[in-house]
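Report on the structure given below.
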Amino acid sequence: MFRRWGWSFRDFEEIDLFSDRYDTNAQTLSQAIRAAATEEPDADGSVLFGQMKGTVVGLRYYTGVVNRGEMVGLVRQPQNPYDRNAVMVANVYGHQVGHIKKELAAAMAQIMDNNLAKVEGVVYSGTNNAFSMPVTLSFWGKEENKENVTKALARRGFRLETSVGSGSGSGGNFSFFLQLKNAFDNLFEGLMESKDGEKEAADAVSTPLLPHQKQALSWMCARENKSSLPPFWEKRGELYYNSLTCFSSKEVPERVRGGILADDMGLRSILTHFSRVFSGGDPTIPDIPEDPSATATLIVCPLSVLSNWLDQFEQHVSVNVKLNVYLYYGSERNRSEKFLSSQDVVITTYNVLSADFGNKSPLHKINWLRVVLDEGHFIRNPNAQMSKAVLELKASRRWILSGTPIQNSVKDLWTLLAFLRLKPFDVREWWNRVIQRPVTQGDRTGLQNLQTLVKCVTLRRTKTSEVNGRPLVVLPEKAVFVEQVELSPEERAEYELANSEGQKTIRRYVAEGSVLKNYADVLAILMRLRQHCCHPDLPTKSSSDSSSDATPAELRQRLIEKLRLVLVSGSDEECSVCLDSVRFPVITHCAHVYCRPCIAKVISTQEERARCPLCRSDIRQNELVEVPEEEDTGGNTKQWRTSSKVQALMGNLLRLRLNDQSIKCLVVSQFTRFLTVLETPLREEGFSFVRLDGTMTQKRRAQVIQDFQSSSSDGPSIMLLSLKAGGVGLNLTAASHVFLMDPAWNPATEEQCIDRCHRLGQKKKVVVTKFIVKDSVEENMVKIQKKKQDLVEKAFGASSNSKKSSRIDDIKTLMEITI
DNA sequence: ACCGCCGGGTGCC
DNA sequence: ACCGCCGGGTGCC
């Protein structure tokens, strides 16, 4: 196996919330940071220093062979007993080919061990003997290390050729970048293969299949059973040859049994049919060579859709077939391997899986017949424990369900393709060299290769897809209205007070050039303004703005408030060290949030001066601040009062009810406290409602969804939904009206939420109302939303400096500051 | 390896 | 001859 190239999570750049180029769907700062943190520095921040010829020796001692033009890996062997500078040469499959000649190895060892450059090898020409062969070495790294590397080589008598311009990142004009961006966006479009036809469900399935479901079923059967070669493999005489890496092998390359269902229509239902058909051993489908050692189907999903799976199995059960479905969840879960492998289907969550991982996990011992990853984008960060846990599962067939397979960039795909074992790209080095770097640098061929790879393993249908010119499904239309809200004079006065204070502070930061250093403050200011737009009681009492002569106690109190603000405001913060949701949150003096154990580790490994991984301010262990237990939820002892936005919503709801009693509505806000505020007038007006937010247990959540979806006449007609909880997978088709109470930073987040009801199964026309307060930060947010798409495209090739300034410009736009 | 390097054998032309 | 030259043994790191 290859030693992977190491990099540090501290290498990422500062990220903004408003226009980050990393994640067009980012809704929290941390998501953006996570996106950046997982960016491999060598993959797209790197430049080509130059190339040189080297020699691979010792061929006769090893079995690994290479073809002309084949890429080889260079792996340091510091433990080599003969030479601690040894550099091993291996082919794509990891078979050793030989070593780099020792003089050159000495120079390379110095460069590689100090992370000055990453070295890649290609064997362009053959050899005329059995002992050694030439190899072309390319040195890649950060611009600032170029001179060091060149000198280190020169010192030992090696010269880098720089004239050969193989790096194509340079000549990127703007429109070309846009073209690429579009091509990338469309990666998953047009992947319809209608030739597979439709397949009837087996007798085991009680509900009849819709045409698009039949089609998916048949595609899946083909993917599990057709024996075609994986993408870029072809047969050449007796050998199998990979045209991207030029690797060849006598053995048939392992094919991918499975794929990605990048579909937003009834994925789980299809999979339910699928596993029922195959796990139930349906006799009408004889063409599956069963692996006798393989066992059950394992389904891994986020907690939020667990109940959906259980429902699906429930719903599609035909009474005469006994299907064992086991929910591997909760502290009482049965960890017996024997028991688990005797099931037809085992369902678990990513969290349970990663908690078990490395801890005698029974799930990792079983050879599953099939593993299904639901909401596959949950594992898009390859460094996360979850992803590692998932990649270690043993299975003969592998499936990924994801409505959004690509969230922001190419690298999101790696974990997915690695899970599918799409050789050789399940090894990062080959993925980076052959796909990721070329694509990031704007290489058309790289993008085409990526498209081919994805195409081969993906079934993509959207609600607008067509088969043979006919739409797969016909959804009712959707209308979106923006309703302007005017603040009352009192609200306006309070708003303007907060606004002018905020402007003053931010102006100072802008003048000092310290906007990014004080980002948490800026966020806090914006947050307060947004809250003011919703309801005067939403903003928490502020300890006023930051006078610089604050006592340590005051400072601490302010930090606690900031932390609470961040954690309570409906943004699911993630720790940018472990890239997971924060556990045991602490806040640094520079106001960044981490898990306590994570940041403690950072501090202990950085001797002398520890620096904040996000802003590089000095941090100290004893200055980390924890949020104390919530004394009183909300602290709303005051008399309830209304707000203009509340009035606007209530007016709509009452009018609708008058018109048609049966209409159901989603009322969506980013602020859970606003949802709480809304409960009072809803009760007063006699509305029956349920509430769904991130704090609820799975059981409660499932209950609420079921209640809301039920068609009983005395059931709830309104769901109060926190934007965060309204993620993908949720099915709320009982609602036909959506009220978005406050604008999100990212329009895609709003779209996603709307799609909870505008999806397969919706019978009515969907009406969306967005409330925007006139002359407020909300209007400016809408401007930013519109600008955002443009910025993302520009940022595809923009320098980090221009990104920084556009971020500051955004803040100025939001605060209407002109300097 | 049809090389380079090592070290022993050898020694006018 | 404390050299050169020859030819056999040998060989990744």
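Labels below follow one simple rule: chain letters A, B, ... track the order of the sequence lines, proteins then strands, and each chain is numbered from 1.
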Between atom [atom1] in [X] and atom [atom2] in [N], what is the gap in whole Å?
X	N	atom1	atom2	result
M133(A)	dC12(C)	CE	P	16 Å
N128(A)	dA1(B)	CG	C1'	10 Å
Q77(A)	dC13(C)	CD	P	12 Å
M88(A)	dC13(C)	CE	C1'	11 Å
E103(A)	dC5(B)	CD	P	10 Å
K101(A)	dG11(C)	NZ	P	15 Å
Y82(A)	dC13(C)	OH	P	12 Å

Quiz item: What's the verdict on side-chain hydrogen bond (donor to acceptor under 3.5 Å, both in side chains) for Q51(A) and T136(A), showing C-alpha distance, side-chain angles and the deciding distance?
Solution: CA-CA 7 Å; Q51(A) 297 185 319; T136(A) 303; over 6 Å; no

Quiz item: Between R398(A) and F419(A), is NZ or CZ placed under 6.0 angstrom from the six-membered ring centre and within 45° of the ring axis?
Solution: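 Satisfied, under 6.0 Å and within 45°.
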
Check every strand shown and say whether [X] touches a base, only sugar-phosphate, or nothing at a heavy-atom separation below 4.0 Å.
X	result
N129(A)	sugar-phosphate
I100(A)	sugar-phosphate
N85(A)	nothing

Exercise. Report the relative orientation of the aromatic rings in Y62(A) and H99(A); use parallel for angles under 30°, tilted for 30 to 60°, perpendicular for over 60°.
Key: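 Judged by the thresholds at 30° and 60°, the geometry between Y62(A) and H99(A) is perpendicular.
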
Quiz item: Can D356(A) and Y328(A) be counted as having a side-chain donor-acceptor contact under 3.5 angstrom?
Solution: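 A donor-acceptor contact under 3.5 Å links the two side chains.
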
Practice problem: Find the partner of dC13(C): check Watson-Crick (N1-N3 plus N6-O4 or O6-N4) and G-U wobble (N1-O2, O6-N3) distances, both under 3.5 Å, and reply none if neither fits. | Solution: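 In the structure as shown, dC13(C) has no Watson-Crick or wobble partner.
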
Practice problem: Examine the base of dC12(C) for any acceptor or donor lying under 3.5 Å from a partner atom in the side chain of Y62(A), and report the outcome as yes or no. | Solution: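 By the distance-only test, yes, there is a pair.
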
Practice problem: Kindly say whether, by distance alone, the side chain of N80(A) makes a donor-acceptor pair under 3.5 Å with the base of dC13(C)? | Solution: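 In this structure, the two groups form a donor-acceptor pair.
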
Exercise. Might you work through the side-chain contact (heavy atoms from CB on, under 4.5 Å) test for I400(A) and L261(A), ending with a clear yes or no?
Key: CA-CA 6 Å; I400(A) 297 165; L261(A) 285 159; over 6 Å; no

Practice problem: For nucleotides dG11(B) and dG4(C), find the distance between their C1' atoms and express it as a whole number of Å. | Solution: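 My reading of the C1' atoms in dG11(B) and dG4(C) gives 9 Å.
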
Quiz item: Given the C1' atoms of dC5(C) and dA1(C), what is the spacing between them in whole Å?
Solution: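 The answer is 12 Å between these two C1' atoms.
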
Quiz prompt | Side-chain N,O (R60(A)) to OP1/OP2 (dG11(C)) below 4.0 Å | solution =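 Checking dG11(C) against R60(A), no side-chain N or O comes under 4.0 Å of OP1 or OP2.
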
Quiz item: Ring-on-base stacking between F131(A) and dA1(B), under 5.5 Å between centres and under 30° between planes: is it there?
Solution: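 According to the criterion (under 5.5 Å, under 30°), yes, F131(A) stacks.
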
